[in-house]
Visitor: 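Quick one: this structure, given as structure tokens, is what I'll be asking you about.
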Amino acid sequence: MLDAIGAGLAQAVTPMSLLMLLIGVVIGFFVGILPGLGGAVTLALLIPVTYGMDPVPAFSLLLGMYVVCAIAGDFTSILFGIPGEPTSAAMVLDGYPMNKKGQAGRALGASLSSSAVGAIFGALVLMALIPVMRPLMLGISAPELFAAGLLGLTFIAALSAGSIHKGVIMAAVGVLIALVGIDPNLGIPRYTFDNLHLWEGIGIVPVVVGLLGGAEVLQTMLEKGSGPKQTAPPHLGGIMVGVKDSFRNWWLMLRTSAIGAGLGILPGLGGSVSQFVAYGHAKQTSKHPEEFGNGSIEGVIAAGSTTAAKDGGALVPTIAFGIPGSASMAVLLGAFLILGLNPGPEMLTEQLDVTLSLVWIIVLSTLVAVVLGALLIRPLAKLTSVSGKLLVPFLIAMLTIGAFSYKNAGEDIWVMLAFLAIGVVAARFKWPRIPLLLGLVLGELLERYFMVSYALFEWDWLSRPGVVLVEVAIGAMILLTAIRVARKKRPARKVGQLTGGLV
Amino acid sequence: MQKVGMGIAALITVAVLAGCSSNAASGDTPDAETSLEGQTITLVVPFDPGGGYDAYARMLAPLLGEELGATVIVENRPGAGGILATNEVVNSKPDGRTIALLNGPGHLGSAIAEADGVLYDAEKMSYIGQISSEPDVVVTNGGGEIESADDMAGKRFAATGPGSNEYIDAVVLNELLGLDSEVITGFASSNEASLNVVQKNVDLHSRSLGSQLPGIKAGDLVPVLVIGTNSGESEIANVPNLLDVVPSSSKELAILHSALVSSGRIIAAPPGMDEGMLNLLRDAFEAAVTDEAFQKSAAESGRPISFMGGADMQKLVSGVMGSPKAYVELIKKAYSG
Amino acid sequence: MSTEVISAIRAAPGRWARVNKSDLIITALLLVVFLAAMTMATEWKPLAAYFPLGVSALGAAASATFLVRVLFFPRSAEAPKTNIPEEARSMADQEYEFFRSLTTRDWIVAVAWLGGFYVALAVAGIYVAMAVFTVAYLKLQASRSWFFAIVYAALLAGITFLIFSTLLKLPLPGGLLGLT
């Protein structure tokens with residue numbers, strides 16, 4: 001194993017590999033910033049470039065690009081309040097408020113450093129799992145996925161501060177929206193109103209972009225006066241403060257990285273769920289839960305590290321069995337085949353050095369991204385001192401193109417506008433928006449995997465080891481929350497007016 | 001009220017401008033010429049990036065562009081199992097600037113079954129040719145429980161959902177071989193269904209050879225039956241074909257289903273294309289796909305080419321569309337879940 | 001709403017004033033949505049209907065109980081005026097206060113601009129919409145010079161064209177006229 005690690009590194013640092021890595025990182029940075037682009041689409045566009053390349057340089061380009069997308073997506077969330085990737089929605093919750101308080105530099109610094117730690121953590125998880133990857137994946141089926149989805153659902157309470165009652169209602173709305181489309185068991189169209197475009201379901205990108213970004217654009221449009229949109233001048237010197245903040249919270253960073261990498265392994269779950277689980281967890285365990293949603297540095301760190309950590313985990317099923325956990329991983333799997341690699345036992349024996357070079361590529365591209373990001377933070381943070389109104393045409397173009405590019409569908413622009421309206425109404429009348437998103441990402445998953453679990457095992461699946469583990473975790477969490485609520489009942493009422501934020 | 005006025009003024013300005021450009025655009029329709037030189041051709045892929053269809057389209061695009069002296073761009077338009085994009089392509093102008101890569105079994109299957117949402121006559125489309133055709137392979141896990149087609153009786157098939165190629169195969173096998181097997185649906189992807197076979201949660205799974213090969217090579221999956229023409233891969237050389245195991249009373253249906261499966265990946269254009277343009281596209285496609293270097297590199301990347309000309313493809317489509325009632329009923333069943 | 005309910009509310013006039021009207025309307029609306037979703041689900045085959053039925057029933061129950069809470073147990077109508085400084089107030093509160101402070105005119109202006117952009121998009125495609133909107137918006141709303149507005153619009157459309165058309169070869173919405 002040790003010489004394979006060395007061989008993997010040697011292949012990852014050849015001039016050709018490094019050049020490809022650099023190109024990949026630069027591309028990743030720019031497509032990551034644009035919502036809707038990035039991930040699967042860009043990977044598919046890059047695949048023809050890799051024809052005839054050796055595997056490691058090819059993956060330097062592809063994986064380097066992909067890893068950086070997630071990190072760059074967080075930048076958009078912080079700077080404009082619009083998630084740059086569907087996995088960057090949780091970053092909006094605290095990153096954008098920090099920006100509004102004039103701490104954009106600090107938030108960007110913290111997001112960059114926690115992303116770096118998360119990505120490297122995920123890569124190490126990938127490496128550590130190599131000996132047990134296949135047995136592990138043999139134990140993960142529909143019941144485990146259902147249980148993980150259920151775990152996600154228990155965070156509704158944490159994510160709907162203000163009124164849990166409203167949170168539950170919004171989550172139910174989100175689940176209903178997730179059910180739009182062809183049902184997975186019988187192929188019956190549900191809630192599609194005879195519209196063929198709704199058969200595939202309502203996509204996450206137009207919803208996230210409209211729901212979170214729309215209210216921000218409207219606010220920018222209607223801001224009184226044309227001065228800088230912040231109350232305080234931008235604090236650029238805060239970059240290092242942010243970096244220090246994240247390392248001061250190293251334990252949180254490691255826990256949320258573990259959540260990202262762990263849920264990343266589960267095919268089909270992915271970053272859009274794990275970001276909320278990590279964010280909810282950070283809030284529940286924080287000494288200052290009232291700061292969440294109002295520019296909590298802990299929220300930024302949790303969102304940053306978990307998003308970057310997912311990629312290492314997501315490669316596990318792809319490498320072990322050729323089972324991609326997401327659309328992007330499916331494109332990467334295609335690249336494996338084109339390059340003559342056979343996912344499966346071969347990747348863990350004869351091709352072990354290639355597998356390990358993937359670990360190195362994640363680490364190296366993260367480091368390059370940190371350098372590039374650090375160089376870009378200053379100019380980017382200056383954008384926040386530009387008069388809000390000047391940004392309006394740019395922001396509207398970004399919302400529109402983001403919604404459209406997801407599936408090249410004009411209809412998605414109307415979906416985005418509908419959710420823009422919902423988002424504005426929710427903000428105007430204090431209804432929480434995040435539970436709706438959580439319901440949307442979990443709804444289909446819960447139904448699908450419950451039905452498949454039952455079809456495969458009837459009720460026996462409830463006693464599978466992985467499921468029991470999650471059941472215990474859920475029980476412990478509910479108990480802990482109950483104790484906290486009981487203990488903090490009276491002070492919490494008073495703090496009530498301070499809590500909330502976007503969530 | 002000044003700002004309201006301005007907002008409304010902006011709206012009107014936009015509307016007027018839009019009106020002007022509309023007149024301008026409708027004025028200069030270029031004369032239809034039988035050449036696509038310098039044009040941009042959109043190759044529509046009705047699926048997400050990352051799958052086999054996307055891969056074939058992106059392999060073909062540059063070569064086809066070279067042959068035609070045009071730029072071919074690939075556009076992914078996923079939705080409704082491909083029906084959405086096909087509806088749109090059928091309704092676009094047959095000027096050679098919009099073509100599509102279709103999933104043959106899905107495209108023809110949903111047309112035969114008159115599935116919900118199909119708004120076109122598959123027979124009337126202009127077919128440019130076939131780029132690949134592979135048999136479907138039914139696999140099981142390495143447990144050794146299922147060794148022949150007879151052992152499949154009473155076992156469980158995995159499939160994504162009704163109307164998918166793998167679900168149609170399971171329903172057809174059930175009927176033709178009298179298996180009385182259950183089909184478990186709801187898997188998020190074909191790959192996930194496959195993993196559940198490896199995990200021994202289900203017994204059987206049918207999909208295209210190309211998708212099954214990695215699992216077979218890795219020793220996780222064992223092939224038990226081939227549907228369609230065996231293309232000669234060593235991994236399935238000794239595996240029985242559906243036509244060998246089917247009782248003689250069902251032979252006709254088995255032949256029809258094999259034809260449906262081997263319709264493969266088809267390049268098609270909107271209906272009503274004029275002869276000259278269609279021939280131009282067919283010739284360019286043939287030249288691109290029969291190029292030896294291209295065939296070799298495609299085979300190496302696990303995407304083997306199997307060419308069939310447009311005229312033959314058109315015949316195959318007509319044949320499948322004219323299937324007897326028994327087969328139509330069978331496919332309808334596979335779409336109704 | 002039955003007459004008893006109305007008279008029960010009338011019986012406590014102070015309470016009615018404290019009822020949060022927006023929550024009342026939104027919850028009632030959502031209740032209707034959930035009930036409609038439930039009705040639609042009853043028409044499907046069981047395997048496709050279980051989950052939607054369960055979720056819409058849960059949603060309906062949650063909205064119904066919340067409706068009762070809003071109607072009969074209203075909290076004090078508005079949070080008491082505090083002297084918490086602006087930057088320490090929660091983001092949701094700030095956002096809420098911001099949207100609350102908007103006049104009808106503000107809303108019409110915003111909707112007209114957004115509507116203008118998307119009508120232009122639907123008719124003439126992204127490039128025309130972007131260019132026209134940018135010039136008009138910067139000139140009229142941000143009071144910038146013609147020169148500035150035109151350069152901004154050209155840059156925005158140009159960079160978009162460069163990225164999508166030239167580099168990535170990805171389609172963009174062309175509108176009814178297909179101008180991309």
Side-chain angles (χ1 to χ4, degrees), chain A residues 40-45 47-48 51-52 134 137-142 145 182-189 194 196-200 267-268 317 321-324 327-334 336-340 342-346 407-409 444-445 447-449 451-452 455-457, chain B residues 44 48-52 54-55 58-59 61-62 74-81 83-84 87 115-117 119 156 158 160-164 167 182 184-189 191-196 198-202 210-211 213-215 217-220 297 300-303 335-337:
Chain A
V41 180
T42 319
L43 279 173
L45 288 170
I47 290 236
Y51 287 149
R134 285 178 52 90
M137 285 312 296
L138 282 180
I140 296 177
S141 180
L145 294 170
I182 296 283
D183 110 275
N185 295 292
L186 300 176
I188 296 175
D194 292 326
L196 222 50
H197 294 280
L198 293 177
W199 275 27
E200 202 94 329
F321 282 101
I323 307 296
S328 314
M329 283 294 149
V331 186
L332 266 187
L333 179 71
F336 275 92
L337 301 175
I338 289 169
L339 298 166
N342 279 318
E346 218 179 284
K407 294 217 160 172
N408 295 332
E444 199 214 345
L445 200 119
E447 179 188 29
R448 180 189 291 282
Y449 292 118
M451 292 298 191
V452 175
L456 288 176
F457 310 107
Chain B
V44 177
D48 274 318
D54 186 56
R58 289 182 196 280
M59 278 189 337
V74 176
E75 187 176 325
N76 299 90
R77 282 292 279 116
I83 298 176
L84 184 70
N87 281 342
D116 284 345
L119 301 176
R156 304 201 292 182
T160 47
S164 62
Y167 188 85
E182 196 187 340
I184 295 193
T185 56
F187 295 100
S189 68
N191 284 316
E192 200 181 289
S194 182
L195 180 62
N196 274 275
V198 179
Q199 292 170 335
K200 305 197 171 138
N201 296 332
V202 260
S211 310
L213 267 183
K217 279 187 185 156
D220 290 327
S297 73
E300 273 168 8
S301 61
R303 305 283 177 201
Y335 270 84
S336 60

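Basis for what follows: all heavy atoms, side chains included, without hydrogens, waters or symmetry-related copies. Below, chains carry the letters A, B, ... as their sequence lines are ordered, and counting in each starts from 1.
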Visitor: Hey, which of B:Asn196, B:Val202, B:Leu119, B:Leu213 has the most heavy atom pairs under 4.5 Å with chain A?
Guide: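 It is B:Asn196.
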Visitor: Quick one: does B:Asp220's side chain have a donor or acceptor within less than 3.5 Å of a partner on B:Gly215's backbone?
Guide: no
Visitor: Which value, rounded to the nearest 0.5 Å, describes the distance between A:Met451 atom CE and B:Phe187 atom CZ?
Guide: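 Those atoms lie 14.0 Å apart.
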Visitor: Atom CZ of B:Arg58 and atom CD1 of A:Ile338: how far apart are they, to the nearest 0.5 Å?
Guide: 10.5 Å
Visitor: What is the distance from atom NE2 of A:His197 to atom CZ of B:Arg77, rounded to the nearest 0.5 Å?
Guide: 6.5 Å
Visitor: Is B:Asn201 close to chain A through its backbone or its side chain, or both, or neither, when contacts mean heavy atoms under 4.5 Å?
Guide: both
Visitor: Using non-hydrogen atoms only, which part of B:Ile184 is less than 4.5 Å away from chain A: side chain, backbone, both, or neither?
Guide: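 Looking at B:Ile184, just its side chain touches chain A.
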Visitor: What part of A:Ile182 is in contact with chain B, defined as an atom under 4.5 angstrom from a non-hydrogen atom: side chain, backbone, both or neither?
Guide: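 For A:Ile182, neither part sits under 4.5 Å from chain B.
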Visitor: Do you know which two heavy atoms are closest between A:Ser141 and A:Leu456, and how far apart they sit?
Guide: OG-CD1, 4.1 Å
Visitor: What part of A:Ile47 gets closer than 4.5 Å to chain B, counting heavy atoms only: side chain, backbone, both or neither?
Guide: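 Neither part.
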Visitor: Do you know the tightest heavy-atom contact between A:Pro184 and A:Arg448?
Guide: CB-NH1, 3.7 Å
Visitor: Considering only heavy atoms and a distance below 4.5 Å, find which of A:Ala44, A:Ser328, A:Pro189 pairs most often with chain B.
Guide: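 Counting heavy-atom pairs under 4.5 Å, the top option is A:Ala44.
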Visitor: Checking heavy atoms, do the side chain of B:Thr160, its backbone, both or neither come under 4.5 Å from chain A?
Guide: backbone
Visitor: Taking A:Glu346 for its side chain and B:Ala218 for its backbone only, find out whether a donor-acceptor pair lies under 3.5 Å.
Guide: no
Visitor: Looking at A:Leu145, A:Ile140, A:Leu198, which one has more heavy-atom pairs under 4.5 Å with chain B than the rest?
Guide: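 If we count pairs closer than 4.5 Å to chain B, A:Ile140 comes out on top.
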Visitor: Tell me the closest heavy-atom pair linking B:Arg303 and B:Ala55, and the distance in Å.
Guide: NE-CB, 3.7 Å
Visitor: Under a 4.5 Å heavy-atom cut-off, does chain B meet the side chain of A:Asn342, its backbone, both or neither?
Guide: side chain
Visitor: Measuring heavy-atom distances to chain A, does B:Asp116 have an atom under 4.5 Å in its side chain, in its backbone, in both, or in neither?
Guide: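 Looking at B:Asp116, backbone and side chain both touch chain A.
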Visitor: Between A:Ile323, A:Val331, A:Leu45, which residue shows the highest count of heavy-atom pairs closer than 4.5 Å to chain B?
Guide: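 Looking at each of A:Ile323, A:Val331, A:Leu45 in turn, A:Ile323 comes out on top.
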Visitor: Do you know which of B:Met59, B:Arg156, B:Glu75 has the most heavy-atom pairs with chain A at a distance under 4.5 angstrom?
Guide: B:Arg156
Visitor: Name the region of A:Phe336, side chain, backbone, both or neither, that has any atom closer than 4.5 Å to a heavy atom of chain B.
Guide: neither
Visitor: Side chain, backbone, both or neither: which part of A:Met329 has a non-hydrogen atom closer than 4.5 Å to chain B?
Guide: neither
Visitor: Name the member of B:Asn76, B:Ile83, B:Asn191 that forms the most heavy-atom pairs with chain A at distances under 4.5 Å.
Guide: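 The option with the most such pairs is B:Asn191.
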Visitor: To the nearest 0.5 Å, how far apart are CG in B:Asp54 and CG in B:Asp48?
Guide: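 Output value for this atom pair is 8.5 Å.
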Visitor: Counting distance only, does the side-chain N/O of B:Thr185 pair as donor-acceptor with the main-chain N or O of B:Gly161 below 3.5 Å?
Guide: no
